[in-house]
Student: 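Before we start, here is the structure in question, set down as structure tokens.
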Amino acid sequence: MSVPMPTSPSSTLQSGESHLHPFLTTRSSLNLRRRLVNALVVLSTTLAALFAAGLLIYLLYYVLSQGLRYIDLDFFTQLPTPNGEPGGGMGEAFQGSLILIALASLMGVPLGLFTGIYLAEFGRGPFAQGVRFLVDVLNGIPTIIFGLLAWVLIVIPMQTFSGLAGGFALGMIMIPIVTRTSEDVLRLVPRELREASLALGATEARTILQVVLPAARNGIITGVVLAMARVAGETAPLLMTAFGTTFWNTDVTQPMDALPLRIFQFTLSPYQQQVNQAYAGAFVLIVLILLASLAVRLATGGFKQR
Amino acid sequence: MDQATVEQTNRSVLRPMGMSLSIEQLNAWYGRKQALFDINLTVPPLSVTALIGPSGCGKSTLVRCLNRLHETIPGARVEGRVIANGLDIYGRGIRPMNVRRHIGMVFQQPNPLPTRSIFENVAIGPRLNLGLRGSRLKELVERSLQQAALWEEVKDRLHSPAISLSGGQQQRLCIARALALEPEVLLMDEPCSALDPISTLQVEELITYLKRQYTIVVVTHNMQQAARIADRTAFFLQGHLVEEGETQQLFTHPRKKETEDYISGRFG
Amino acid sequence: MSQERVSLSKARQQWVGWQRMLRVQRPGDLFFRGITLLFVLIVLGLVAGTAWILISNSLPTIRRFGFSFLTNKAFDPVHDVYGVLPAIFGTLMTSAFALIFAVPLGLGASIFLVDFCPRPLRLILAFLIDLLAAIPSVIYGLWGFLVLAPWLHNAGEPWLQQHLGFLPLFTGQPEGVGYLGAGIVLTMMILPLIISVSREVMLVTPIAQREALLALGATRWEVIRHAVLPFARVGILGGVILALGRALGETMAVTMIIGNQANEPSLSLFTPGYTLASVIANQFGEATPGLFLSAIIEAGLILFIITLITNILARWLIASLQRQAQGSRGGRP
């Protein structure tokens, strides 16, 4: 009989017991194959994770280490030097980005927040489902489409690129992010809180504005920060709207610079000095995104679980 | 010689006497919190042993130690021995997956695989462990479903999804799934607590019937249930085994004050 | 179970009660509700307006070229002849490349993160992956243009040609910029997205499902294969389609490395090409009113329609799978 006889761990196997103890019959070809498959999966998923993480960490490390070398105070306060002469910075890009994000927030935050309130508080029936669907569609549209939209709607009629058009395009991107996060956090506000307020005779509007919204404040702020961080890195919709400039500008009807736009243009520059500044800009952008996601994690307690 | 034949040879050797478990100096932890303290308990073969006690007393942890499931929880660990027919399941060279396939388990909440059919739910164990397929697999599935007293109710819809069954049927399906591996021991962690009274009765009858072939350890918070089905009963309190003995004797003449308080309903 | 049912119906009664309270309306409430509805209508108007602007401004080229816009290879302002076949081909080619590599890699990495990774490392890696998913595309483009393209030109593509040159994929002149570079950058961009989404859905697999398999003597892989993946597959599919949408519409990273030439569609990965998004990004600067401008906007319209279909498909798929799961659960007597 060719029963595979296990080598018995003699200390645990007491005398007089059958050699065919069920816990010891592992050496069949089937069990060997199962263990082999399991080991192969562990190995290959580990390799996949190491490869993916290694590749991405390398990219992050490379850009950060290159960028750090070219950062100084001038980088934040000076204008770019012409023709790649030494020195200078991209101060106008920081200024422009701030203005553009403010413009985008002026448009995206109220629209997104009120749509979120509508969906969370009154959003029942097919109409609300349709709105939810369209908001998700809006989130999936490539951002350059909003650039095209602002280009046709604002740039071409005004016959100039402008910060206004850039802010409009970025605002369109913010709307679905703010809507979805605020709907989600408003739904998390306990029903008892609303009932208590209504039972005390407060109107529905007061309940929402003075009880529900304050209770959801942190979540809403988190959503807005996420949306701002997202548009802070957007380049494509600014190409044909804000366009970029290498001078200080606070006039929103004129072309305006932005950090990602400046990184893009300097990356393609023939001058090494500008390429270096592109790395420095990338460094700042990555750090900003890192800070925003850290802040969001801390605010939502995301480190506790998992 | 294939795996299935080996298993059957084993069965013919072991089945007549069944499997006994003897738990020796067992301690278990969740992280830093100790859940079981120096448990010593013998489970005789082909009988029903009930573990009772207030919630959080460690009775569920103990059954999860008996098929090495406790250690799969992150941070959890076990010390001590569980001797099954002379072999320590925590001994060197023993693979947990081999222990688990011979010591079957039924959980508190019925947990059929939701995306699989009734047939697939029962077939998955032998398919994975024995490589069975075709008519032998079909026979085994039918036999297991019959043993679990579910065959008549599902024989015409073996290929509909398992979650189309009622809660009681789902639990019997989970019992059939465990039986399909022809285990030596069946562990049941409060198998009736999620069921309605009629399903509970069905499962209890099933347990009484199954003990002719299997060694059964059942956790329950329901003392009447323990009295109805168990040959022996062990009472746990705060991670300690307080008292253990013949069911009849434990309920009528408890030796310890705590046991008496508990079964007379003074706490828990 | 019966207890559960009682508390459920109680909750439902409370909910109905709360809805009824809401129906008692006062003028201020009506006004507030009207305001929120107004904002909703503005958002709807903006979505509809986007579609309308794209369509109405594409009309000149639609009238002039009809379907030949999709099959015409030239995008030629000099002769006023426009077509986007190379761009559609490039969009599909680079996105397919990215999915082929990112899906298995990402799925493998997320299985590792959920099931095999030591705990302390898991937190760090998970945070890193989420961070990488948020890195702007211009950063990936910068790395692609300054590091990847020169390396492909000097080392990567010549090596591929030497060793795998018998495949049509690796023929032609190594140029550094082209489908290969764009595909690699896109792979790296959607990788964190796929890992992040599939990790999240795998994490919420009920422990009871895992333990059901464990108690049957399953190996770790068998637990994943029979408990985790069946549970998570809908979410994973959703994540993959989300990533596809991102790859199809990605502009900056691709524009910086694809080479931006309207070449004949070719299987060779070394060919510089176009995608719909990079056509827009490259051509708008010179656009003159008339057919040229309209051609750029029609490229945008096509991109809009493709991503719209992708999105709707994903939602429909997920919704129908969810319905299926709920339907069978609802069949419980």
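For the numbers below, each heavy atom of this structure counts, side chains included, while hydrogens, waters and symmetry mates do not. In what follows, chains are A, B, ... by sequence order, proteins preceding strands, each numbered from 1.
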Student: Between C:Phe284 and chain A, with a heavy-atom cut-off of 4.5 Å, which part of the residue counts as in contact: side chain, backbone, both or neither?
Tutor: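 The answer is both parts of C:Phe284.
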
Student: Between A:Ala53 and chain C, with a heavy-atom cut-off of 4.5 Å, which part of the residue counts as in contact: side chain, backbone, both or neither?
Tutor: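 For A:Ala53, side-chain heavy atoms alone lie under 4.5 Å from chain C.
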
Student: Check each atom of C:Ile224 against the heavy atoms of chain A and say whether the ones under 4.5 Å are side chain, backbone, both or neither.
Tutor: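 For C:Ile224, there is no contact with chain A at all, as no heavy atom is under 4.5 Å.
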
Student: What is the distance from atom CG of C:Leu125 to atom CD1 of A:Ile57, rounded to the nearest 0.5 Å?
Tutor: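 The distance works out to 6.5 Å.
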
Student: Quick check on A:Pro176 against chain C: is it the side chain, the backbone, both or neither that has a heavy atom closer than 4.5 Å?
Tutor: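 A:Pro176 has no heavy atom closer than 4.5 Å to chain C.
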
Student: Quick check on A:Tyr58 against chain C: is it the side chain, the backbone, both or neither that has a heavy atom closer than 4.5 Å?
Tutor: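 The answer is the side chain of A:Tyr58.
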
Student: So which part of A:Val152 gets closer than 4.5 Å to some heavy atom of chain C, the side chain, the backbone, both or neither?
Tutor: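 For A:Val152, the side chain is the part near chain C, not the backbone.
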
Student: Side chain, backbone, both or neither: which part of A:Tyr279 has a heavy atom under 4.5 Å from chain C?
Tutor: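 Contact with chain C is through both the backbone and side chain of A:Tyr279.
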
Student: Less than 3.5 Å apart, which donor and acceptor atoms pair up between the side chains of residues 47-55 of chain C and the rest of the protein, not counting sequence neighbours?
Tutor:
| residue | atom | partner | partner atom | Å |
| --- | --- | --- | --- | --- |
| C:Thr50 | OG1 | C:Leu46 | O | 2.7 |

Student: Is there any salt bridge (Lys or Arg N to Asp or Glu O under 4.0 Å) pair reaching into residues 105-115 of chain C, and which pairs are they, with sequence neighbours excluded?
Tutor: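 Qualifying pairs: C:Asp115-C:Arg210.
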
Student: Tell me, side chain or backbone of A:Leu47 under 4.5 Å from chain C's heavy atoms, or both, or neither?
Tutor: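 Neither part.
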
Student: Only pairs of heavy atoms separated by less than 4.5 Å count here; which of C:Leu293, C:Leu248, C:Leu41 has the most with chain A?
Tutor: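 Highest number of heavy-atom pairs under 4.5 Å: C:Leu293.
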
Student: Given the options A:Gly281, A:Gly147, A:Gly233, which has more heavy-atom pairs under 4.5 Å with chain C than any of the others?
Tutor: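 Top count of heavy-atom pairs under 4.5 Å with chain C: A:Gly233.
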
Student: For the interface with chain C, which of A:Ile156, A:Val37, A:Ile286 has the highest count of heavy-atom pairs at distances below 4.5 Å?
Tutor: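 Most heavy-atom pairs within the cutoff with chain C belong to A:Ile286.
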
Student: Counting only non-hydrogen atoms closer than 4.5 Å, can you tell me which residues of residues 104-114 of chain C sit against chain A?
Tutor: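 Within residues 104-114 of chain C, the residues that come under 4.5 Å of chain A (heavy atoms only) are C:Leu105, C:Gly108, C:Ala109, C:Ile111, C:Phe112.
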
Student: Below 4.5 Å from any heavy atom of chain C, which atoms of A:Ser44 appear? Answer side chain, backbone, both or neither.
Tutor: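 It is neither, since no heavy atom gets under 4.5 Å.
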
Student: So for A:Leu113, is it side chain, backbone, both, or neither that comes closer than 4.5 Å to the heavy atoms of chain C?
Tutor: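 A:Leu113 has no heavy atom closer than 4.5 Å to chain C.
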
Student: Distance from C:Asn260 atom CG to C:Gln283 atom CD, nearest 0.5 Å?
Tutor: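 Taking CG in C:Asn260 and CD in C:Gln283, the distance rounds to 8.5 Å.
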
Student: Can you say whether A:Leu239 sits under 4.5 Å from chain C via the side chain, the backbone, both, or neither, judging by heavy atoms?
Tutor: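 Contact with chain C is through both the backbone and side chain of A:Leu239.
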
Student: Hey, which of A:Leu134, A:Leu268, A:Leu40 has the most heavy atom pairs under 4.5 Å with chain C?
Tutor: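 Top count of heavy-atom pairs under 4.5 Å with chain C: A:Leu268.
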
Student: Testing the basics here: between C:Thr251 and A:Ala236, what is the closest heavy-atom pair and its distance to 0.1 Å?
Tutor: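 Taking every non-hydrogen atom into account, CB-CB, 3.6 Å.
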
Student: What side-chain donor-acceptor pairs closer than 3.5 Å can you find for residues 132-148 of chain C, not counting sequence neighbours?
Tutor:
| residue | atom | partner | partner atom | Å |
| --- | --- | --- | --- | --- |
| C:Ser137 | OG | C:Glu250 | OE2 | 3.1 |
| C:Tyr140 | OH | C:Leu132 | O | 3.1 |

Student: Below 4.5 Å from any heavy atom of chain C, which atoms of A:Leu111 appear? Answer side chain, backbone, both or neither.
Tutor: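 For A:Leu111, backbone and side chain are both near chain C.
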
Student: Going from CZ on A:Arg262 to CD on A:Gln277, what distance comes out if it is rounded to the nearest 0.5 angstrom?
Tutor: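 Those atoms lie 9.5 Å apart.
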
Student: Please look at A:Leu285 and chain C and tell me whether the side chain, the backbone, both or neither of the residue comes under 4.5 angstrom of a heavy atom of that chain.
Tutor: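 Only the side chain of A:Leu285 comes within 4.5 Å of chain C.
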
Student: Answer with side chain, backbone, both or neither: which region of A:Ile117 has an atom nearer than 4.5 Å to a non-hydrogen atom of chain C?
Tutor: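 The answer is the side chain of A:Ile117.
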
Student: Let me know if A:Leu261 has heavy atoms under 4.5 Å from chain C in its side chain, its backbone, both or neither.
Tutor: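 Neither part, no heavy atoms under 4.5 Å.
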
Student: Can you measure from CG (C:Leu128) to CG (C:Leu123) and round to the nearest 0.5 angstrom?
Tutor: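 The distance works out to 12.5 Å.
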
Student: Check this for me, if you would: do C:Arg33 and A:Glu121 make a salt bridge, where the nitrogen-to-carboxylate-oxygen distance has to be below 4.0 angstrom?
Tutor: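 No, this pair does not count.
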
Student: Distance from C:Ile296 atom CD1 to A:Met240 atom CE, nearest 0.5 Å?
Tutor: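 If I round to the nearest 0.5 Å, the distance is 8.0 Å.
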
Student: Could you tell me which of C:Leu242, C:Ile312, C:Ile35 has the largest number of non-hydrogen atom pairs under 4.5 Å with chain A?
Tutor: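 The residue among C:Leu242, C:Ile312, C:Ile35 with the greatest pair count is C:Ile312.
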
Student: Of the backbone (N, CA, C, O) and the side chain (C-beta and beyond), which part of A:Tyr62 lies under 4.5 Å from a heavy atom of chain C, both, or neither?
Tutor: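 Interface part for A:Tyr62: side chain.
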
Student: Less than 4.5 Å to any heavy atom of chain A: does that hold for the side chain of C:Leu308, its backbone, both, or neither?
Tutor: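 Looking at C:Leu308, just its side chain touches chain A.
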
